[in-house]
There are 2 protein chains.
Amino acid sequence: MQVTKTLDYAVRSLTYIGHEPIVKHSMKEISEHQHIPLNYLAKIMRRLVKKGIVRSMVGPYGGYTLRKAPGDISLRDIYEAIEGEIRIVDCMDGNGICQLHEACPQLPVWDRVQLSMVKILEETTLEQMLSDRGIRGFTRVN
Amino acid sequence: MQVTKTLDYAVRSLTYIGHEPIVKHSMKEISEHQHIPLNYLAKIMRRLVKKGIVRSMVGPYGGYTLRKAPGDISLRDIYEAIEGEIRIVDCMDGNGICQLHEACPQLPVWDRVQLSMVKILEETTLEQMLSDRGIRGFTRVN
DNA sequence: CTCTTTATGGATATCATGTATCCAGAATAT
DNA sequence: ATATTCTGGATACATGATATCCATAAAGAG
Ligand code: SF4
Ligand code: SF4
């Protein structure tokens, strides 16, 4: 139940690019500024390209740029590009579906959690994240 | 970003016990009815005991029973007994805190997600889950 | 007291997956 | 032609979830 480093890297990269959406940014540049292992970043960028979130140009002065407006890229898009379809429980046994599936007491709760999470991710665009930038001091109220 | 099998097992066990909260249920019994590996279940029960969620009695006719009323056991309690403190991002580098921590664009979002999740987990008690039992047909609306 | 049942604790093995690295090759600007 | 940068595949490494084993202690039944 955690945000993977990979997803974190992806968001870092996109916010970095989104800061100057027109300019091309090379992996090397992103890697250095955002402290992401270069070769690993390559893998991440590939997924973002495939999902149509960024555009890539190879060759000198090549790099990445956003493919859509920051306001049209939701955190959900990013999440799914990296992790695939959101599913916080996979009700699978070795054989297939869990036998308790039909009348499972906890499934409804997890469903609620997932829905609320998806809602937030969907509402949050890259643009929003960028404008939150620099805001500090929210408190982790556990 | 997934519910671990371990947590799933824990909730299964507790709903099972909670169905007859007074009666003692042995690990063997729980293991069989809920399809949980016996020896692994032992580990799980230990954590629940330590957190005061269940009471254990050893010896013949021993087993487990709830220590609190089902209405007083929240899913959050269970979650934390199994997984420890809830923290969906750990902003740690190799060296320590992530350098971007001060002005991170994504931290606020994850915080919102976590808060909403904690809220739901907190509101949901074992009692509620038990009364949901048998309810079917919620739809996964991704 | 003895026997059986059941939980406890620690050690260890297994497996999955997230994370990272390497490299050969293709594209492209100069 | 050359240097740059992305691409794709293979592979290594680390971590944590999952599972198993066993020796021991507690406690009820006779
Ligand atoms: S017990 Fe409920 S939640 Fe867990 S796997 Fe089976 S159906 Fe899914
Ligand atoms: S980038 Fe933001 S979210 Fe990711 S680790 Fe650093 S501070 Fe935490």
Side-chain angles (χ1 to χ4, degrees), chain A residues 1-13 17 23-51 53-65 67 79 81-84 87-90 92-94 98, chain B residues 1-13 17 23-32 34-51 53-65 67 79 81-85 87-90 92-94 98:
Chain A
M1 204 53 134
Q2 279 216 174
V3 178
T4 64
K5 227 165 184 171
T6 310
L7 177 55
D8 186 75
Y9 287 163
V11 178
R12 280 194 215 180
S13 306
I17 298 175
V23 188
K24 277 173 279 183
H25 302 274
S26 73
M27 281 203 308
K28 187 152 168 271
E29 182 193 348
I30 301 172
S31 162
E32 279 165 3
H33 281 79
Q34 298 292 316
H35 309 101
I36 304 169
L38 178 61
N39 313 281
Y40 193 47
L41 180 58
K43 304 306 176 197
I44 295 172
M45 293 316 284
R46 209 79 276 288
R47 303 192 216 178
L48 297 179
V49 169
K50 279 199 178 155
K51 287 291 181 178
I53 294 174
V54 300
R55 178 194 318 277
S56 70
M57 284 96 127
V58 19
Y61 288 82
Y64 299 91
T65 160
R67 187 158 205 144
Y79 187 114
I82 298 300
E83 314 269 19
R87 190 184 294 145
I88 78 174
V89 289
D90 63 339
M92 295 300 178
D93 259 353
C98 166
Chain B
M1 203 55 134
Q2 279 217 172
V3 178
T4 65
K5 225 163 185 173
T6 311
L7 177 56
D8 187 74
Y9 287 163
V11 179
R12 281 194 214 180
S13 306
I17 298 175
V23 188
K24 277 172 278 182
H25 302 273
S26 72
M27 280 203 308
K28 188 155 168 266
E29 182 194 347
I30 300 172
S31 161
E32 280 165 3
Q34 298 293 315
H35 310 99
I36 303 169
L38 179 60
N39 311 284
Y40 193 47
L41 180 57
K43 303 306 176 198
I44 294 172
M45 293 317 285
R46 210 79 274 289
R47 302 192 217 178
L48 297 179
V49 169
K50 279 198 178 153
K51 288 293 182 179
I53 294 174
V54 300
R55 178 195 316 278
S56 70
M57 284 96 128
V58 16
Y61 288 81
Y64 299 92
T65 160
R67 188 159 203 145
Y79 187 114
I82 299 300
E83 315 268 20
E85 190 193 354
R87 190 182 296 144
I88 77 174
V89 289
D90 64 340
M92 295 300 178
D93 260 353
C98 165

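Just so it is clear, the model here is predicted, and its values are computed rather than measured. So you know, we letter chains A, B, ... as the sequences are listed, proteins then strands, and number each from 1.
- Residue A:D90 contributes atom CG, which lies 12 Å from atom C1' of C:dA16 at whole-angstrom precision.
- Ranking C:dA7, C:dT5, D:dT18 by closeness to the B:M27 side chain, first place goes to C:dA7.
- Among the nucleotides C:dT8, D:dT7, D:dT4, the one closest to the side chain of A:Y64 is D:dT7.
- One can place CD1 of A:I36 at 13 Å from P of C:dT21, the figure rounded to the nearest angstrom.
- The CD-C1' distance, from A:Q2 to C:dT19, rounds to 14 Å in whole Å.
- Under 4.0 angstrom from either OP1 or OP2 of C:dG18 there lies no side-chain N or O belonging to A:T6.
- If you take NZ of A:K24 and P of C:dT28, they are 11 Å apart, rounded to a whole angstrom.
- Minimum atom distance to the side chain of A:T4 is reached by C:dT19, of the listed D:dC6, C:dT19, D:dA17.
- Taking atom NZ of residue B:K5 and atom P of nucleotide D:dT18, one finds them 7 Å apart after rounding to whole Å.
- Side-chain atoms of B:K43 lie closest to C:dA11 of the nucleotides D:dT5, C:dT8, C:dA11.
- In this structure, A:S56 and B:V3 both approach DNA chain D, and ranking their closest nucleotides by distance from the 5' end singles out A:S56.
- Nearer the 5' end of DNA chain C, as judged by each residue's closest nucleotide, is the contact made by B:K50, out of A:Y61 and B:K50.
- Regarding B:I44, its CD1 atom lies at a distance of 9 Å from the P atom of D:dT18, rounded to whole Å.
- Taking CD1 of A:I30 as the start and CE of A:M45 as the end, the distance is 4.5 Å to the nearest 0.5 Å.
- Using a 4.5 Å heavy-atom cutoff, the side chains of A:Y64 and A:V49 are in contact.
- Note that the CD atom of A:Q34 and the CG atom of A:L41 stand 9.5 Å from one another [nearest 0.5 Å].
- The CZ-C1' distance, from B:R46 to C:dG10, rounds to 13 Å in whole Å.
- Screening A:E32, A:M27, A:H33 for a side-chain contact (heavy atoms from CB on, under 4.5 Å) involving A:E29 leaves a single residue, A:H33.
- Across all strands, B:M45 comes closer than 4.0 Å to no nucleic acid atom at all (heavy-atom distances).
- For the atom pair CD1 of B:I17 and CD1 of B:I53, the computed distance is 10.5 Å after rounding to the nearest 0.5 Å.
- Of the candidate nucleotides C:dT28, D:dT20, C:dC22, C:dC22 has the atom lying nearest to any side-chain atom of A:N39.
- The side chain of B:P37 lies closest to D:dT20, out of D:dA25, D:dT7, D:dT20.
- The OH atom of B:Y40 sits 12 Å away from the C1' atom of C:dT14 (whole-angstrom rounding).
- Between A:Y9 and the phosphate of C:dA20, there is a side-chain N or O to OP1/OP2 separation shorter than 4.0 Å.
- Checking D:dA27, D:dG8, D:dA19 against the side-chain heavy atoms of B:V58 singles out D:dA27 as nearest.
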